[in-house]
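Here's the structure we're looking at; comments come further down.
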2 protein chains.
Amino acid sequence: MPSPDRKISESTVRRLSAYLRSLEALEASGAEMASSGELARRAGTTAPQVRKDLSTFGSFGKRGLGYPVVPLIGSLEAILGLTREWRVALLGAGRVGAALHTYPFFRERGFRIVAIFDNDPEKVGLRWDDTTIRHIDELESVLAGEAVEIAILTVPAAPAPALADRVVRAGVGAILNFAPARLELPPHVVVNEVNLAMELELLSFALTRSEPR
Amino acid sequence: MPSPDRKISESTVRRLSAYLRSLEALEASGAEMASSGELARRAGTTAPQVRKDLSTFGSFGKRGLGYPVVPLIGSLEAILGLTREWRVALLGAGRVGAALHTYPFFRERGFRIVAIFDNDPEKVGLRWDDTTIRHIDELESVLAGEAVEIAILTVPAAPAPALADRVVRAGVGAILNFAPARLELPPHVVVNEVNLAMELELLSFALTRSEPR
DNA sequence: GATTGTGAATTATTTCACAGCT
DNA sequence: AGCTGTGAAATAATTCACAATC
(Lines give C-alpha, C1' and ligand atoms only; values in the text may rest on other atoms or scores of the structure.)
Protein backbone atom coordinates (compact mmCIF):
# COMPACT_ATOMS: atom_id res chain seq x y z
CA MET A 1 0.00 0.00 0.00
CA PRO A 2 1.23 3.53 -0.63
CA SER A 3 2.25 4.83 2.75
CA PRO A 4 4.13 8.11 2.96
CA ASP A 5 6.63 8.65 5.73
CA ARG A 6 5.73 12.23 6.47
CA LYS A 7 3.22 13.00 9.15
CA ILE A 8 -0.43 12.99 8.15
CA SER A 9 -2.54 15.61 9.88
CA GLU A 10 -5.63 14.71 11.85
CA SER A 11 -7.79 16.83 9.59
CA THR A 12 -6.59 14.87 6.58
CA VAL A 13 -7.58 11.58 8.21
CA ARG A 14 -10.97 12.99 9.17
CA ARG A 15 -11.53 13.93 5.55
CA LEU A 16 -10.48 10.48 4.33
CA SER A 17 -13.12 9.06 6.64
CA ALA A 18 -15.67 11.45 5.14
CA TYR A 19 -14.65 10.47 1.60
CA LEU A 20 -15.14 6.82 2.49
CA ARG A 21 -18.68 7.49 3.64
CA SER A 22 -19.39 9.56 0.54
CA LEU A 23 -18.07 6.80 -1.69
CA GLU A 24 -20.27 4.23 0.03
CA ALA A 25 -23.30 6.40 -0.64
CA LEU A 26 -22.20 6.71 -4.27
CA GLU A 27 -21.72 2.95 -4.53
CA ALA A 28 -25.21 2.38 -3.14
CA SER A 29 -26.60 4.69 -5.82
CA GLY A 30 -24.82 2.69 -8.51
CA ALA A 31 -22.12 5.18 -9.49
CA GLU A 32 -18.94 3.67 -10.91
CA MET A 33 -16.79 6.77 -11.06
CA ALA A 34 -16.67 9.87 -8.88
CA SER A 35 -14.87 13.13 -9.61
CA SER A 36 -13.00 15.07 -6.96
CA GLY A 37 -15.71 17.73 -7.28
CA GLU A 38 -18.47 15.23 -6.54
CA LEU A 39 -16.60 13.85 -3.53
CA ALA A 40 -15.89 17.37 -2.31
CA ARG A 41 -19.55 18.33 -2.50
CA ARG A 42 -20.62 15.28 -0.53
CA ALA A 43 -17.85 15.46 2.06
CA GLY A 44 -18.08 19.19 2.54
CA THR A 45 -14.71 20.28 1.23
CA THR A 46 -13.12 21.44 -2.04
CA ALA A 47 -12.06 19.51 -5.13
CA PRO A 48 -8.34 20.41 -4.86
CA GLN A 49 -8.41 19.33 -1.23
CA VAL A 50 -9.79 15.94 -2.20
CA ARG A 51 -7.11 15.47 -4.85
CA LYS A 52 -4.35 16.61 -2.51
CA ASP A 53 -5.52 14.31 0.27
CA LEU A 54 -5.76 11.27 -1.96
CA SER A 55 -2.50 11.97 -3.78
CA THR A 56 -0.71 11.80 -0.43
CA PHE A 57 -1.33 8.07 -0.45
CA GLY A 58 -1.11 7.25 -4.14
CA SER A 59 -2.58 7.80 -7.54
CA PHE A 60 -6.09 6.42 -7.44
CA GLY A 61 -7.85 8.36 -10.18
CA LYS A 62 -8.00 8.31 -13.96
CA ARG A 63 -7.45 11.68 -15.59
CA GLY A 64 -10.47 12.81 -17.49
CA LEU A 65 -12.70 10.26 -15.73
CA GLY A 66 -12.41 10.62 -11.97
CA TYR A 67 -11.91 8.02 -9.25
CA PRO A 68 -13.29 4.47 -9.58
CA VAL A 69 -15.75 4.14 -6.68
CA VAL A 70 -15.32 0.54 -5.60
CA PRO A 71 -11.52 0.34 -5.83
CA LEU A 72 -11.15 3.64 -4.00
CA ILE A 73 -13.37 2.35 -1.20
CA GLY A 74 -10.96 -0.55 -0.87
CA SER A 75 -7.93 1.74 -0.90
CA LEU A 76 -9.38 4.03 1.76
CA GLU A 77 -10.32 1.07 3.93
CA ALA A 78 -6.74 -0.14 3.68
CA ILE A 79 -5.33 3.30 4.49
CA LEU A 80 -7.65 3.74 7.47
CA GLY A 81 -6.83 0.28 8.79
CA LEU A 82 -10.33 -1.10 8.31
CA THR A 83 -9.39 -4.31 6.50
CA ARG A 84 -8.75 -6.13 9.72
CA GLU A 85 -10.67 -6.70 12.93
CA TRP A 86 -9.95 -4.54 15.98
CA ARG A 87 -10.53 -5.92 19.45
CA VAL A 88 -12.28 -3.32 21.57
CA ALA A 89 -13.12 -3.07 25.28
CA LEU A 90 -15.85 -0.88 26.70
CA LEU A 91 -15.10 0.56 30.15
CA GLY A 92 -18.35 1.71 31.72
CA ALA A 93 -21.68 0.01 31.08
CA GLY A 94 -23.84 3.08 31.62
CA ARG A 95 -26.04 4.85 29.14
CA VAL A 96 -23.23 6.02 26.91
CA GLY A 97 -21.74 2.54 26.90
CA ALA A 98 -25.13 1.08 26.03
CA ALA A 99 -25.65 3.57 23.21
CA LEU A 100 -22.25 2.75 21.75
CA HIS A 101 -22.74 -0.99 22.13
CA THR A 102 -25.91 -1.01 20.06
CA TYR A 103 -24.43 1.21 17.37
CA PRO A 104 -24.31 -1.05 14.29
CA PHE A 105 -21.23 0.67 12.91
CA PHE A 106 -19.01 -1.34 15.24
CA ARG A 107 -19.66 -4.72 13.67
CA GLU A 108 -19.95 -3.31 10.16
CA ARG A 109 -16.47 -1.85 10.35
CA GLY A 110 -14.79 -4.67 12.24
CA PHE A 111 -14.57 -3.00 15.64
CA ARG A 112 -15.44 -6.01 17.77
CA ILE A 113 -16.41 -5.38 21.37
CA VAL A 114 -14.83 -8.33 23.17
CA ALA A 115 -15.05 -7.06 26.76
CA ILE A 116 -17.30 -4.80 28.83
CA PHE A 117 -16.44 -3.61 32.33
CA ASP A 118 -18.30 -1.86 35.12
CA ASN A 119 -17.86 -1.51 38.86
CA ASP A 120 -21.57 -1.77 39.71
CA PRO A 121 -22.26 -5.24 41.21
CA GLU A 122 -25.79 -5.01 39.82
CA LYS A 123 -24.42 -4.89 36.32
CA VAL A 124 -21.55 -7.35 36.59
CA GLY A 125 -22.65 -10.70 35.18
CA LEU A 126 -25.29 -9.24 32.86
CA ARG A 127 -24.85 -10.00 29.18
CA TRP A 128 -25.02 -7.48 26.37
CA ASP A 129 -25.46 -9.62 23.28
CA ASP A 130 -22.69 -12.19 23.59
CA THR A 131 -20.53 -10.26 26.01
CA THR A 132 -20.73 -10.64 29.78
CA ILE A 133 -20.10 -7.52 31.84
CA ARG A 134 -17.02 -8.07 34.02
CA HIS A 135 -15.99 -6.28 37.18
CA ILE A 136 -13.34 -3.63 36.72
CA ASP A 137 -11.12 -5.62 39.12
CA GLU A 138 -10.68 -8.17 36.34
CA LEU A 139 -9.47 -5.50 33.91
CA GLU A 140 -5.86 -6.58 33.49
CA SER A 141 -6.50 -10.29 33.11
CA VAL A 142 -9.39 -9.87 30.69
CA LEU A 143 -7.65 -7.27 28.53
CA ALA A 144 -4.62 -9.52 28.18
CA GLY A 145 -6.68 -12.67 27.63
CA GLU A 146 -8.83 -11.02 24.99
CA ALA A 147 -5.88 -9.25 23.35
CA VAL A 148 -7.70 -5.92 23.47
CA GLU A 149 -6.18 -3.17 21.29
CA ILE A 150 -8.64 -0.29 21.71
CA ALA A 151 -10.38 0.83 24.91
CA ILE A 152 -13.43 3.09 24.99
CA LEU A 153 -13.88 5.00 28.24
CA THR A 154 -17.46 5.88 29.15
CA VAL A 155 -16.83 6.23 32.88
CA PRO A 156 -17.11 9.40 35.03
CA ALA A 157 -14.27 11.92 34.96
CA ALA A 158 -12.85 11.01 38.38
CA PRO A 159 -11.78 7.42 37.70
CA ALA A 160 -10.86 7.99 34.03
CA PRO A 161 -7.15 8.90 34.32
CA ALA A 162 -6.31 5.96 36.60
CA LEU A 163 -8.26 3.55 34.41
CA ALA A 164 -6.48 4.85 31.33
CA ASP A 165 -3.14 4.20 32.99
CA ARG A 166 -4.14 0.64 33.86
CA VAL A 167 -5.43 -0.01 30.38
CA VAL A 168 -2.20 1.22 28.82
CA ARG A 169 -0.07 -0.84 31.18
CA ALA A 170 -2.14 -3.84 30.09
CA GLY A 171 -0.97 -3.27 26.53
CA VAL A 172 -3.85 -1.33 24.96
CA GLY A 173 -2.52 1.03 22.29
CA ALA A 174 -5.45 3.35 21.66
CA ILE A 175 -8.15 5.00 23.77
CA LEU A 176 -11.36 6.73 22.80
CA ASN A 177 -12.19 8.88 25.80
CA PHE A 178 -15.74 10.07 26.45
CA ALA A 179 -14.95 11.05 30.03
CA PRO A 180 -14.53 14.81 30.53
CA ALA A 181 -10.99 14.39 31.84
CA ARG A 182 -7.63 14.85 30.22
CA LEU A 183 -5.51 11.73 30.04
CA GLU A 184 -1.76 12.06 30.28
CA LEU A 185 -0.29 9.00 28.64
CA PRO A 186 2.98 7.95 27.02
CA PRO A 187 3.39 9.32 23.50
CA HIS A 188 3.05 5.94 21.80
CA VAL A 189 -0.56 5.67 22.99
CA VAL A 190 -3.14 7.06 20.62
CA VAL A 191 -5.80 9.06 22.44
CA ASN A 192 -8.90 10.64 21.00
CA GLU A 193 -11.21 12.69 23.20
CA VAL A 194 -14.91 13.23 22.58
CA ASN A 195 -16.20 15.93 24.85
CA LEU A 196 -19.86 16.88 24.73
CA ALA A 197 -19.24 20.02 26.79
CA MET A 198 -16.74 21.24 24.24
CA GLU A 199 -19.06 20.53 21.32
CA LEU A 200 -21.91 22.47 22.92
CA GLU A 201 -19.65 25.32 23.95
CA LEU A 202 -18.52 25.62 20.35
CA LEU A 203 -22.15 26.20 19.43
CA SER A 204 -22.84 28.68 22.19
CA PHE A 205 -19.65 30.60 21.31
CA ALA A 206 -20.67 30.83 17.66
CA LEU A 207 -24.26 31.79 18.50
CA THR A 208 -23.10 34.44 20.92
CA ARG A 209 -20.88 36.04 18.32
CA SER A 210 -23.36 35.89 15.46
CA GLU A 211 -26.62 36.72 17.20
CA PRO A 212 -25.98 40.33 18.21
CA ARG A 213 -26.00 41.16 14.51
CA MET B 1 -16.55 42.10 27.01
CA PRO B 2 -13.51 42.14 24.74
CA SER B 3 -14.64 40.76 21.42
CA PRO B 4 -12.26 40.93 18.47
CA ASP B 5 -13.64 41.28 14.98
CA ARG B 6 -11.29 38.86 13.30
CA LYS B 7 -12.32 35.26 12.88
CA ILE B 8 -11.56 32.93 15.77
CA SER B 9 -10.56 29.43 14.74
CA GLU B 10 -12.39 26.38 15.96
CA SER B 11 -9.25 25.03 17.59
CA THR B 12 -8.90 28.24 19.61
CA VAL B 13 -12.44 27.86 20.94
CA ARG B 14 -11.84 24.21 21.78
CA ARG B 15 -8.80 25.24 23.78
CA LEU B 16 -10.74 27.98 25.60
CA SER B 17 -13.21 25.30 26.63
CA ALA B 18 -10.31 23.16 27.89
CA TYR B 19 -8.87 26.13 29.84
CA LEU B 20 -12.23 26.66 31.48
CA ARG B 21 -12.31 23.07 32.69
CA SER B 22 -8.71 23.31 33.89
CA LEU B 23 -9.50 26.49 35.80
CA GLU B 24 -12.48 24.87 37.46
CA ALA B 25 -10.26 22.04 38.67
CA LEU B 26 -7.78 24.63 39.95
CA GLU B 27 -10.54 26.53 41.71
CA ALA B 28 -11.73 23.32 43.39
CA SER B 29 -8.20 22.73 44.65
CA GLY B 30 -8.13 26.23 46.11
CA ALA B 31 -5.68 27.89 43.75
CA GLU B 32 -6.07 31.65 43.35
CA MET B 33 -3.65 32.23 40.49
CA ALA B 34 -2.63 30.08 37.55
CA SER B 35 0.28 30.64 35.19
CA SER B 36 0.05 30.02 31.47
CA GLY B 37 2.41 27.08 32.02
CA GLU B 38 0.12 25.50 34.59
CA LEU B 39 -2.91 25.94 32.36
CA ALA B 40 -1.02 24.56 29.38
CA ARG B 41 0.00 21.45 31.31
CA ARG B 42 -3.57 20.77 32.37
CA ALA B 43 -5.17 21.54 29.05
CA GLY B 44 -2.57 19.71 26.99
CA THR B 45 -1.04 22.59 25.08
CA THR B 46 1.87 25.04 25.39
CA ALA B 47 2.29 28.15 27.54
CA PRO B 48 2.69 30.59 24.59
CA GLN B 49 -0.44 29.09 23.05
CA VAL B 50 -2.42 29.78 26.23
CA ARG B 51 -1.21 33.37 26.33
CA LYS B 52 -1.91 33.89 22.63
CA ASP B 53 -5.40 32.44 22.92
CA LEU B 54 -6.33 34.54 25.94
CA SER B 55 -4.77 37.72 24.60
CA THR B 56 -7.09 37.48 21.59
CA PHE B 57 -9.93 38.42 23.92
CA GLY B 58 -8.26 40.75 26.34
CA SER B 59 -5.61 41.13 28.98
CA PHE B 60 -6.61 38.87 31.84
CA GLY B 61 -3.29 38.17 33.55
CA LYS B 62 -0.93 39.99 35.88
CA ARG B 63 2.69 39.98 34.75
CA GLY B 64 4.88 38.14 37.20
CA LEU B 65 1.86 36.51 38.87
CA GLY B 66 -0.26 34.68 36.32
CA TYR B 67 -4.00 34.66 35.75
CA PRO B 68 -6.50 35.06 38.62
CA VAL B 69 -8.49 31.81 38.62
CA VAL B 70 -11.99 32.93 39.54
CA PRO B 71 -12.13 36.09 37.42
CA LEU B 72 -10.73 34.22 34.43
CA ILE B 73 -13.44 31.55 34.82
CA GLY B 74 -15.98 34.35 34.59
CA SER B 75 -14.30 35.87 31.54
CA LEU B 76 -14.14 32.54 29.72
CA GLU B 77 -17.78 31.82 30.54
CA ALA B 78 -18.69 35.18 29.06
CA ILE B 79 -16.57 34.59 25.95
CA LEU B 80 -18.03 31.12 25.42
CA GLY B 81 -21.58 32.38 25.88
CA LEU B 82 -22.23 30.42 29.06
CA THR B 83 -23.61 33.26 31.17
CA ARG B 84 -27.09 32.82 29.78
CA GLU B 85 -29.48 29.93 29.36
CA TRP B 86 -29.75 28.16 26.00
CA ARG B 87 -32.98 26.48 24.99
CA VAL B 88 -32.26 23.08 23.50
CA ALA B 89 -34.37 20.47 21.71
CA LEU B 90 -33.47 16.81 21.45
CA LEU B 91 -34.54 15.13 18.20
CA GLY B 92 -34.54 11.36 18.72
CA ALA B 93 -35.36 9.74 22.05
CA GLY B 94 -33.23 6.63 21.52
CA ARG B 95 -30.22 5.49 23.48
CA VAL B 96 -28.00 8.37 22.46
CA GLY B 97 -30.75 10.84 23.28
CA ALA B 98 -31.25 9.18 26.66
CA ALA B 99 -27.52 9.25 27.41
CA LEU B 100 -27.35 12.94 26.56
CA HIS B 101 -30.48 13.78 28.52
CA THR B 102 -29.09 12.34 31.76
CA TYR B 103 -25.72 14.02 31.31
CA PRO B 104 -25.53 16.50 34.22
CA PHE B 105 -23.42 18.96 32.25
CA PHE B 106 -26.52 20.27 30.49
CA ARG B 107 -28.13 21.82 33.53
CA GLU B 108 -24.82 22.83 35.09
CA ARG B 109 -23.91 24.89 32.06
CA GLY B 110 -27.33 26.30 31.30
CA PHE B 111 -28.19 24.15 28.30
CA ARG B 112 -31.84 23.52 29.11
CA ILE B 113 -33.61 20.73 27.26
CA VAL B 114 -37.07 22.16 26.69
CA ALA B 115 -38.34 19.72 24.05
CA ILE B 116 -37.81 16.09 23.08
CA PHE B 117 -39.11 14.56 19.85
CA ASP B 118 -39.44 11.04 18.47
CA ASN B 119 -41.54 9.39 15.79
CA ASP B 120 -42.16 6.16 17.73
CA PRO B 121 -45.78 6.17 19.02
CA GLU B 122 -44.63 4.02 21.95
CA LYS B 123 -42.38 6.82 23.11
CA VAL B 124 -44.56 9.82 22.39
CA GLY B 125 -46.22 10.94 25.61
CA LEU B 126 -43.56 9.48 27.91
CA ARG B 127 -41.85 11.95 30.21
CA TRP B 128 -38.12 12.29 30.72
CA ASP B 129 -37.84 14.29 33.92
CA ASP B 130 -40.10 17.26 33.29
CA THR B 131 -40.19 17.01 29.53
CA THR B 132 -42.85 15.12 27.60
CA ILE B 133 -41.73 13.40 24.40
CA ARG B 134 -43.62 14.92 21.47
CA HIS B 135 -44.26 13.48 18.04
CA ILE B 136 -41.99 14.79 15.32
CA ASP B 137 -45.12 16.06 13.50
CA GLU B 138 -45.36 18.75 16.16
CA LEU B 139 -41.78 19.91 15.52
CA GLU B 140 -42.48 23.34 14.06
CA SER B 141 -45.12 24.42 16.54
CA VAL B 142 -43.18 23.22 19.60
CA LEU B 143 -39.85 24.69 18.48
CA ALA B 144 -41.48 28.06 17.94
CA GLY B 145 -43.50 27.89 21.14
CA GLU B 146 -40.49 26.95 23.23
CA ALA B 147 -38.18 29.41 21.45
CA VAL B 148 -35.60 26.68 20.83
CA GLU B 149 -32.16 27.93 19.79
CA ILE B 150 -30.11 24.72 19.62
CA ALA B 151 -31.19 21.34 18.23
CA ILE B 152 -29.39 18.08 18.95
CA LEU B 153 -29.94 15.38 16.33
CA THR B 154 -29.72 11.80 17.58
CA VAL B 155 -31.79 10.28 14.79
CA PRO B 156 -30.68 7.80 12.08
CA ALA B 157 -28.76 9.11 9.07
CA ALA B 158 -31.66 8.84 6.62
CA PRO B 159 -34.06 11.37 8.17
CA ALA B 160 -31.34 13.69 9.48
CA PRO B 161 -30.94 16.11 6.53
CA ALA B 162 -34.68 16.71 6.14
CA LEU B 163 -35.12 17.20 9.89
CA ALA B 164 -32.22 19.65 9.95
CA ASP B 165 -33.89 21.67 7.19
CA ARG B 166 -37.17 21.78 9.11
CA VAL B 167 -35.43 22.77 12.31
CA VAL B 168 -33.60 25.60 10.60
CA ARG B 169 -36.77 26.85 8.90
CA ALA B 170 -38.34 26.91 12.36
CA GLY B 171 -35.69 29.39 13.46
CA VAL B 172 -33.11 27.21 15.20
CA GLY B 173 -29.64 28.70 14.77
CA ALA B 174 -27.35 25.86 15.81
CA ILE B 175 -27.31 22.08 15.40
CA LEU B 176 -25.24 19.42 17.11
CA ASN B 177 -25.45 16.46 14.77
CA PHE B 178 -24.81 12.92 16.00
CA ALA B 179 -26.32 11.38 12.87
CA PRO B 180 -23.74 10.05 10.42
CA ALA B 181 -25.00 12.29 7.64
CA ARG B 182 -23.73 15.54 6.27
CA LEU B 183 -26.10 18.47 6.62
CA GLU B 184 -26.12 21.15 3.97
CA LEU B 185 -27.51 24.26 5.57
CA PRO B 186 -27.42 28.02 5.01
CA PRO B 187 -24.15 29.59 6.17
CA HIS B 188 -25.69 31.45 9.09
CA VAL B 189 -26.55 28.14 10.77
CA VAL B 190 -23.88 26.79 13.12
CA VAL B 191 -23.39 23.06 12.67
CA ASN B 192 -21.17 20.76 14.66
CA GLU B 193 -20.86 17.10 13.77
CA VAL B 194 -19.96 14.33 16.18
CA ASN B 195 -19.22 11.16 14.28
CA LEU B 196 -18.28 8.01 16.17
CA ALA B 197 -17.15 6.28 12.99
CA MET B 198 -14.67 9.04 12.31
CA GLU B 199 -13.31 8.99 15.85
CA LEU B 200 -12.71 5.25 15.73
CA GLU B 201 -11.21 5.41 12.26
CA LEU B 202 -8.76 8.00 13.52
CA LEU B 203 -7.60 5.44 16.07
CA SER B 204 -7.38 2.58 13.61
CA PHE B 205 -5.44 4.78 11.18
CA ALA B 206 -2.93 5.75 13.86
CA LEU B 207 -2.59 2.18 15.14
CA THR B 208 -2.08 0.86 11.64
CA ARG B 209 0.73 3.31 10.96
CA SER B 210 2.47 2.88 14.30
CA GLU B 211 2.19 -0.85 14.86
CA PRO B 212 4.32 -2.15 12.01
CA ARG B 213 7.31 -0.54 13.67
C1' DG C 1 12.51 37.26 39.54
C1' DA C 2 8.59 35.76 37.42
C1' DT C 3 5.24 35.89 34.06
C1' DT C 4 2.29 38.24 30.74
C1' DG C 5 1.28 40.23 26.06
C1' DT C 6 2.58 40.44 21.40
C1' DG C 7 5.05 41.34 16.88
C1' DA C 8 8.05 38.53 14.12
C1' DA C 9 9.59 33.99 12.51
C1' DT C 10 8.36 29.51 11.65
C1' DT C 11 5.72 25.77 10.40
C1' DA C 12 1.50 23.66 8.72
C1' DT C 13 -2.45 23.62 5.79
C1' DT C 14 -5.14 25.01 2.06
C1' DT C 15 -5.81 26.88 -2.40
C1' DC C 16 -4.30 27.76 -6.92
C1' DA C 17 -2.88 26.90 -11.60
C1' DC C 18 -1.63 24.15 -15.03
C1' DA C 19 0.97 20.27 -17.24
C1' DG C 20 -0.14 15.59 -18.29
C1' DC C 21 -3.26 11.61 -19.14
C1' DT C 22 -7.46 9.34 -20.82
C1' DA D 1 -12.84 18.02 -23.46
C1' DG D 2 -12.51 16.56 -18.84
C1' DC D 3 -10.31 15.59 -14.76
C1' DT D 4 -6.25 14.12 -12.07
C1' DG D 5 -1.75 14.95 -9.78
C1' DT D 6 1.33 18.22 -7.97
C1' DG D 7 4.71 22.05 -7.38
C1' DA D 8 4.17 26.85 -6.25
C1' DA D 9 1.61 30.57 -3.87
C1' DA D 10 -1.27 32.04 -0.38
C1' DT D 11 -3.23 31.69 3.98
C1' DA D 12 -3.59 30.07 8.69
C1' DA D 13 -1.83 28.42 13.01
C1' DT D 14 1.79 27.83 16.14
C1' DT D 15 6.05 28.90 18.29
C1' DC D 16 9.53 32.04 19.53
C1' DA D 17 11.71 35.89 21.74
C1' DC D 18 11.69 39.66 24.39
C1' DA D 19 10.02 44.19 26.09
C1' DA D 20 6.67 45.51 29.56
C1' DT D 21 4.91 44.93 34.10
C1' DC D 22 4.01 43.19 38.67
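Just so you know, these numbers come straight off a predicted model, no measurement behind them. Chain naming here is simple, since letters A, B, ... match the order of the sequence lines and numbering starts at 1 in each.
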Rounded to whole Å, how long is the line connecting atom [atom1] of [X] with atom [atom2] of [N]?
| X | N | atom1 | atom2 | result |
| --- | --- | --- | --- | --- |
| B/D53 | D/dA12 | CG | P | 17 Å |
| B/L16 | D/dA13 | CG | C1' | 14 Å |
| B/F60 | C/dT6 | CZ | P | 11 Å |
| A/K7 | C/dT11 | NZ | C1' | 12 Å |
| A/E10 | D/dT14 | CD | C1' | 16 Å |
| A/L39 | D/dC3 | CG | C1' | 12 Å |
| B/Q49 | D/dA12 | CD | C1' | 12 Å |
| A/L54 | C/dT14 | CG | P | 14 Å |

Margin query: When you measure from the side-chain N and O atoms of B/Y67 to the phosphate of C/dG5, is any distance below 4.0 Å, counting only OP1 and OP2?
Written below: yes
Next item on the list: Could you tell me whether the phosphate oxygens of C/dG5, OP1 or OP2, come under 4.0 Å of any side-chain nitrogen or oxygen in B/S59?
Entry: yes
Notebook entry, point to check: Have A/T83 and A/E77 got a donor and an acceptor in their side chains that come within less than 3.5 Å?
Noted result: no
Next item on the list: State, without any angle test, whether B/Q49 and B/D53 hold a side-chain donor-acceptor pair at a distance under 3.5 Å.
Entry: yes
Notebook entry, point to check: Would you call the rings of B/F111 and B/F106 parallel, tilted or perpendicular, where under 30° means parallel and over 60° means perpendicular?
Noted result: perpendicular
Check: Does atom CZ of B/R95 have more than 12 heavy-atom neighbours, drawn from other residues, nucleotides or ligands, at distances under 6.0 Å?
Finding: no
Next item on the list: Evaluate whether atom CD of A/E32 has more than 12 neighbouring non-hydrogen atoms of other residues, nucleotides or ligands under 6.0 angstrom away.
Entry: no
Notebook entry, point to check: Is B/T12 touching bases, backbone alone, or none of the nucleic acid, heavy atoms closer than 4.0 Å?
Noted result: nothing
Checklist line | Reported OH-to-CZ distance for the pair B/Y67 and B/R51, which is rounded to 0.5 angstrom | finding: 6.5 Å
Item checked: Proximal nucleotide (of C/dT4, D/dT4, C/dT15) relative to the A/T46 side chain -> C/dT15
Notebook entry, point to check: If you check every side-chain atom of A/S36, which of D/dT14, D/dT4, C/dT14 has the closest atom?
Noted result: D/dT4
Notebook entry, point to check: Using a cut-off of 4.0 Å between protein heavy atoms and nucleotide atoms, how would you tag nucleotides 16-22 of chain D 5' to 3' with B, S and -?
Noted result: BB-BBBB
Notebook entry, point to check: Pick the nucleotide of DNA chain C nearest each of B/A47 and A/S9; which residue has the one closer to the 5' end?
Noted result: B/A47
Item checked: Heavy-atom side-chain proximity of A/L76 to A/F60 below 4.5 angstrom -> no
